[in-house]
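Heads up: the structure comes next, in structure tokens.
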2 protein chains.
Amino acid sequence: MDIQLHFKMNEKLFLKDPEQSELGRKIIQHSILLIHQNGFEAFTFKKLAEHIGTTEAGIYRYFENKHRLLVYIAAWYWSWLEYQVAFQTHNIQDPVIKLKKVIKLLAFSVEDDLSTHHVDESLLHQIIITEGSKTYLTRRVSEDNKDRLFKPYKDLCAMIGNIILECRPDYRYPKSLASTIIEMAHFQNFFMNHLPSLTDFGNDKNELKIVAFLEDLVFSCIRS
Amino acid sequence: MDIQLHFKMNEKLFLKDPEQSELGRKIIQHSILLIHQNGFEAFTFKKLAEHIGTTEAGIYRYFENKHRLLVYIAAWYWSWLEYQVAFQTHNIQDPVIKLKKVIKLLAFSVEDDLSTHHVDESLLHQIIITEGSKTYLTRRVSEDNKDRLFKPYKDLCAMIGNIILECRPDYRYPKSLASTIIEMAHFQNFFMNHLPSLTDFGNDKNELKIVAFLEDLVFSCIRS
DNA sequence: CAGAAATCGATAGCAATACTATCATTGTAA
DNA sequence: TTACAATGATAGTATTGCTATCGATTTCTG
């Protein structure tokens with residue numbers, strides 16, 4: 001089977017759809033490499049252009065600015081993750097098992113998914129850990145939100161919230177608990193690797209421990 | 001009583017101690033105003049200088065760059081908050097009551113504390129909600145961490161972790177739970193106001209609800 | 001009180017960043 | 001074959017981030 005995954009992205013995210021051309025796909029691919037390598041702060045369209053062998057102006061034909069590009073790849077990631085969750089929890093009846101599966105998908109550095117050509121999901125996962133919240137922690141959140149740029153993130157959160165409700169229909173904070181485990185899957189990972197004293201996993205730096213923590217957290221809330 | 005609070009800040013945070021001069025204090029004061037007004041992205045030393053009637057070079061005598069200035073005011077905030085926690089939980093025996101107090105201190109927009117002259121804690125609280133995580137979500141975390149720039153944050157986290165352990169000595173994730181409630185006190189607030197569908201408080205936008213959520217979360221974990 | 005040092009204001013300048021505009025070229029579809 | 005979309009090439013501008021220098025003034029010190 002050689003299936004290509006494709007997510008139809010919100011058109012406000014780009015000026016010209018990067019999935020529709022070779023250059024566009026290269027932009028995405030090398031953005032991920034460069035942002036992963038040097039961080040979003042140091043990332044510029046000029047460096048990206050040189051890296052791909054095109055020009056700065058060429059990149060600007062696809063994306064308004066580097067922030068939009070970050071929002072684009074984040075949105076792509078959340079879409080991909082929602083798909084993973086839907087796929088991996090399909091046909092599972094027990095919502096508790098579903099929720100455990102979700103936590104693992106959130107917390108583990110994924111292996112590169114072959115069905116998506118030019119995107120390295122494992123690098124993307126690490127980018128989202130470090131840069132993900134910068135997509136919405138801006139003065140323009142509300143505007144961007146009106147343009148539905150964060151829809152994939154919100155959809156994933158809603159999906160997880162619903163699984164929580166399946167586990168316990170009268171739980172009062174399904175959405176907040178969902179956004180908490182999404183964010184904490186990433187933050188605890190970041191802390192573990194860079195500010196270990198903020199976690200209890202500093203010694204072994206093992207993602208399994210994060211999963212254990214999140215499971216304990218979620219099921220304590222649900223069962224209390 | 002007219003007591004002035006003063007926190008001795010890590011010397012790596014600045015080039016010249018801003019607490020020691022009129023200009024320095026103005027820099028802090030107006031940084032807070034400007035970052036609150038336009039966000040950290042749009043904040044520049046040039047604008048700050050114009051705003052307080054000095055020159056760009058004048059600001060650079062105090063702070064290496066705007067990121068360091070942000071780390072400075074964040075460190076100041078965490079020191080102030082740790083002091084608040086210590087003060088407000090002093091003489092309380094019951095760790096459960098202590099922990100509830102902590103959650104309120106984390107989640108509520110504080111009133112301006114008169115004992116600190118040039119710092120408006122309420123603005124600062126809102127800045128930390130939006131910009132706080134940008135202090136460490138950089139390529140330089142580890143370096144900055146070595147310079148102990150995040151010590152106040154880590155101290156607060158350790159303090160809260162210890163209260164959690166007082167509540168339940170065998171709880172396995174005191175530090176991770178502590179960092180979770182710190183971060184979530186802020187993120188849920190941000191989500192509530194800007195991406196409400198990620199929370200369960202979108203309708204009333206009431207900070208009390210965040211407190212209720214966090215209390216439910218923490219004590220579920222501790223008591224399960 | 002004199003001299004030294006610190007502080008600040010003023011100005012200049014530079015390299016990098018963020019972005020826009022124009023025009024020629026090439027490949028492709030009507 | 002014409003038309004047009006996509007790219008490459010080049011230029012240019014305003015802003016940002018940062019460093020350097022030079023007096024003038026204030027403050028400290030002996």
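Protein chains get the first letters and strands the later ones, always in sequence-line order, with residue 1 at the start of each. Just so we're clear, the structure is a prediction, and the values are computed from it rather than from any experiment.
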Task: Length of the line joining A/Ile27:CD1 and D/dT7:C1', which is rounded to integer Å - done: 11 Å
- [ ] Measure the CG-CG distance between A/Leu106 and A/Asn189 for me, rounded to the nearest 0.5 Å.
- [x] 11.5 Å
Task: Nearest-angstrom distance from the residue atom CG of A/Leu70 to P of C/dA18 - done: 13 Å
TODO: Grab the CD1-P distance between B/Ile59 and D/dT19 for me, whole Å please.
DONE: 15 Å
Open item on the list: Just N and O in the side chain of B/Lys47: are any of them under 4.0 Å from OP1 or OP2 of D/dT15?
Closed with: no
Open item on the list: For A/Phe201 and A/Phe213, take the angle between the two ring planes, folded into 0 to 90°, and tell me which bin it lands in: parallel under 30, tilted 30 to 60, perpendicular over 60.
Closed with: tilted
TODO: Would you indicate, yes or no, if D/dT7 has its OP1 or OP2 atom less than 4.0 angstrom from a side-chain nitrogen or oxygen of A/Ser21?
DONE: yes
Open item on the list: I'd like to know if the side chain of B/Asn38 and the backbone of B/Phe43 have a donor-acceptor N/O pair within less than 3.5 Å.
Closed with: no
Task: Pair of N/O donor and acceptor under 3.5 Å linking D/dC18 base with B/Glu64 side chain - done: no
- [ ] In whole angstrom, give the distance that lies between atom CZ of B/Phe45 and atom P of C/dT17.
- [x] 18 Å
Task: Separation of D/dC18 C1' from B/Tyr60 OH (nearest whole Å) - done: 5 Å
TODO: Tell me what A/Tyr62 touches on the nucleic acid: a base, only sugar-phosphate, or nothing, going by heavy atoms under 4.0 Å.
DONE: sugar-phosphate
Open item on the list: Please check this pair: side chain of A/Lys134 against backbone of B/Leu137, looking for a donor-acceptor N/O pair closer than 3.5 Å.
Closed with: yes
- [ ] To the nearest Å, give me how far apart NZ (A/Lys26) and P (D/dT7) are.
- [x] 11 Å
Task: Nucleotide nearest B/Leu23 (side chain, heavy atoms from C-beta), chosen from C/dG9, C/dT20, C/dT11 - done: C/dG9
Task: Side-chain N,O (A/Lys16) to OP1/OP2 (D/dA5) below 4.0 Å - done: no
Open item on the list: In this structure, how many angstroms lie between the C1' atom of D/dT15 and the CG atom of A/Asn65, rounded?
Closed with: 15 Å
Open item on the list: Heavy atoms from C-beta onward define the side chain here; which of C/dA21, C/dA18, D/dG17 lies closest to that of A/Ala57?
Closed with: C/dA21
Task: Upstream residue (5' side of DNA chain C) when A/Lys46 and B/Arg61 are each assigned their closest nucleotide - done: B/Arg61
TODO: Would you indicate which nucleotide in D/dA9, D/dG8, C/dC19 comes nearest to any side-chain atom of A/Thr54?
DONE: D/dG8
Open item on the list: Classify the ring geometry of A/Tyr72 against A/Phe63: parallel below 30°, tilted from 30° to 60°, perpendicular beyond 60°.
Closed with: perpendicular
TODO: Consider the side chain of B/Lys66, meaning its heavy atoms from C-beta on, and name the nucleotide among C/dA18, D/dG17, D/dT16 that approaches it most closely.
DONE: D/dG17
- [ ] Mind calculating the distance between CG (A/Leu15) and C1' (D/dA5) to the nearest angstrom?
- [x] 16 Å
